[in-house]
Every structure is written in structure tokens, then in C-alpha cells.
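So you know, we letter chains A, B, ... as the sequences are listed, proteins then strands, and number each from 1. Note that these values count all heavy atoms, side chains included, but never hydrogens, waters or copies made by symmetry.
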Amino acid sequence: MKIATWNVNSIRTRLEHICAWTKETQPDVILFQEIKVTEAFFPFEDIESQGYNLVVFGQKSYNGVAIASKFPLEDITRGLPLCPDDPQARYIEAVTGGMRVASVYVPNGQTVDCEKFHYKLTFMEGLGAHMAHLLTKDEPVVVGGDYNITRDDQDVYDPESWKEKILCSSQERTALRKLLHLGYVDLLRQDSPEEKNYTWWDYRQDSFTQNRGLRIDHILGSPQVIDRLQSTGVDRHIRALDRPSDHAPVWVNVK
DNA sequence: ATGGTAGACGATCTA
């Protein structure tokens, strides 16, 4: 089973790229972030016609997450159960194809120590508490998405210029490490420990052609998933298309 | 230190 995650930066603007990419790479499950649309205006037909079922947790203009799957989607959760009052659509979870999968869009945080940064850390605490709960179910669990955090300097093209900046601060990295300490594994790092698997390149200053990127999109797997891991990758060529998302799709193959 | 670009939306806000 191939599970992919992709921050599309507007699902309506990216529809052509999405359809071409699904035809080419045939993921079984897709975790979308930043769909930037309410469920009422979500382009269901275009994606269903590619053979997918869909569940959507939408929001106007900002955020929004969704899951597409070739298998039926059951036991759906919209929003983190431990943050029921969060008005931002950043988490959706479902059971599909014998796995529990979640699509997460962690807040960017803007700058270290501002109000949005503290919201980011609070969100990560709520996410961690919920992911700890998921481990008690003893199921294969995959939580993939845009975490907006580099794990360490291996994920950064120029660690010196990013030192203690947003996406790279010690506080954010500690929050990400807490998820790993629960028992989840960073599947791309597990599969290719030496690889610089950047997943995001800024739209500005020719970042992609210069390969000035960061790895901030991650797929975390519970122990049951780690045992079945076959291969992983980043579809970098999707970032090179005309009018691309600033993120490339990331995927794992699990037995 | 600033600004560079993109998307939603219709003036800025978010990233």
C-alpha cells in the first residue's frame, strides 16, 4: 500500500497537477493539507473520478485537510479530539485499507516566540497526546503531513542561516522529537538515513532551482507500520511543474 | 534589516 502526503497550497488551483500525479504514481491513500476551501466547494468529482473515496475537513481561504483513499474510509475524526475548540481545520483521521491514517497541518508559527508560535507548540502538545492515545489501540497508524518543523540540521539547506529560526528552533524540534519518543518512527529518515530529502522550497529567490529547501513534511508510523516498511520517496519533479505548490509530495510503501 | 513570491480574496493575511 502506497501512502502519500502533499501540501497542495489550494486544492482547486492544483487540480491538474494532482490528477496528473495520481495517474503517474498511483498512491492508494493521499493525505492533503492546505486545501484552502470549505467542504461545500471541494472538487469531489475530479478526484473521485480517479478512483478515490474522500473525507474533507475544510476551511475558507486557509488551512483545510482531506484524505483520499482507494479503500472505504471509516471511523472519521475531524479536528484533534483534545483541542475541540480549535477553529482552524488542521487534522483529519480515518481508518482505511486496514490502517489508521491521519492528515495533519501543523501551524507555521511565523516567528519564534510570537503568539502564533505558542499556538504551534500548543497544537503539537494536543497532537502528541492524541497520537499517544492512538498507540493504545494496537493498530498500524500513519500520521503524515506538513509538520512545519525540520527534525535536525540534515533537513536544512543552510543550517547556519536558519539557526533557531522558525521551522528550525530547538523548541519546535523538541516537540517533534516527543512524537518519536512515543514510539513513532520518521519513515523517510528510517528508510534513507543519509538522504537530504527536502520537501519544501520557498517560492522566492529561485529556491527550488538552487535546491535551497527544507524537509518539513513527514510521515510518522507506529511500530506495526515500521515492520512493514518497503520504500519511501519525495516526488521532487512535481515541484518543477508550472505554477507548482511550494511542497513536493512525500510517500511510503508499506506491505 | 529587508524583501523577495504565491494563494485567497477583494484590503490584507498567511505562509
Within the structure provided, determine whether A:Val225 and A:Val141 are in side-chain contact (heavy-atom separation under 4.5 Å). no

Begin with the C-alpha distance, continue with both residues' side-chain angles, and end with the deciding distance and a verdict on side-chain hydrogen bond (donor to acceptor under 3.5 Å, both in side chains) for A:Glu93 and A:His130. CA-CA 11 Å; A:Glu93 175 189 316; A:His130 181 62; 2.7 Å; yes

Measuring from the side chain of A:Thr13 (C-beta onward, heavy atoms only), which nucleotide among B:dG3, B:dA6, B:dA8 has the closest atom? B:dA8

I'd like the C1' distance from B:dA11 over to B:dG7, given in whole Å. 15 Å

For a quick check of understanding: with a heavy-atom distance under 4.0 Å over all strands, which category does A:Phe208 fall into, base, sugar-phosphate or nothing? nothing

A:Lys36 atom NZ is separated from B:dT14 atom P, nearest whole Å, by 12 Å

Between atom CD in A:Gln210 and atom P in B:dG4, what is the gap in whole Å? 18 Å

To the nearest angstrom, how far is A:Asn63 atom CG from B:dC13 atom P? 16 Å

A:Ser10 side-chain proximity, nearest of B:dA15, B:dC9, B:dG7: B:dG7

Considering only heavy atoms from C-beta outward, does the side chain of A:Tyr52 approach that of A:Lys70 to under 4.5 Å? yes

Going by atom types only, do A:Arg215 and A:Thr150 share a side-chain donor-acceptor pair under 3.5 Å? no

Does A:Asp146 pair with A:Arg90 as a salt bridge, N-O distance under 4.0 Å? no

Would you call the rings of A:Trp162 and A:Tyr157 parallel, tilted or perpendicular, where under 30° means parallel and over 60° means perpendicular? perpendicular

A:Arg90 near the nucleic acid: base, sugar-phosphate alone, or nothing, with a heavy-atom cut-off under 4.0 Å? sugar-phosphate

Within this structure, what is the CD-to-P distance between A:Glu34 and B:dC9, rounded to whole angstrom? 13 Å

Take atom C1' in B:dT14 and the same atom in B:dG4, then report the distance between them in whole Å. 16 Å

N or O in side chain of A:Arg204 less than 4.0 angstrom from B:dA15 OP1/OP2: no

Show me the dot-bracket string of DNA chain B, counting Watson-Crick or G-U pairs under 3.5 Å, with | for pairs to another strand and [ ] for crossing ones. ....((((...))))

Which nucleotide wins on minimum distance to the side chain of A:Lys60, given the candidates B:dA15, B:dG7, B:dC9? B:dC9

So, is A:Arg243 close to the B:dT5 phosphate, meaning a side-chain N or O under 4.0 Å from OP1 or OP2? no

Between B:dC9 and B:dA15, how many Å separate the two P atoms, rounded to a whole number? 15 Å

Residue-level proximity of residues 145-170 of chain A to DNA chain B when a heavy atom falls under 4.0 Å: none

Of A:Pro244 and A:Gln110, whose nearest nucleotide on DNA chain B comes first from the 5' end? A:Pro244

Which nucleotide in the set B:dA15, B:dC13, B:dT5 lies at the smallest distance from any side-chain heavy atom of A:Tyr203? B:dT5

Between the side chains of A:Tyr203 and A:Asn9, does any donor sit under 3.5 Å from an acceptor? yes

Residues in side chain to side chain donor-acceptor pair (under 3.5 Å) contact with A:Glu45, at least two apart in sequence or another chain: none

Using whole Å, report how far CD1 of A:Ile35 lies from C1' of B:dA6. 18 Å

Rounded interatomic separation in angstrom, taking CD from A:Gln205 and C1' from B:dG3: 7 Å

Step by step, would you call A:Asp152 with A:Arg189 a salt bridge (charged side-chain N to carboxylate O under 4.0 Å, His left out)? CA-CA 11 Å; A:Asp152 51 39; A:Arg189 181 62 68 84; 2.9 Å; yes

Find the distance A:Asp202:CG to B:dG3:P and express it as a whole number of Å. 15 Å

Do A:Phe57 and A:Ile76 have side chains that get closer than 4.5 Å, going by heavy atoms? no

Test item: side-chain donor near acceptor, A:Gln224 and A:Ser222, under 3.5 Å: yes

Distance, rounded to the nearest Å, where A:Asn7 contributes CG and B:dA8 contributes P: 12 Å

Nearest to the A:Asn108 side chain among B:dA15, B:dG7, B:dC9, which nucleotide is it? B:dA15

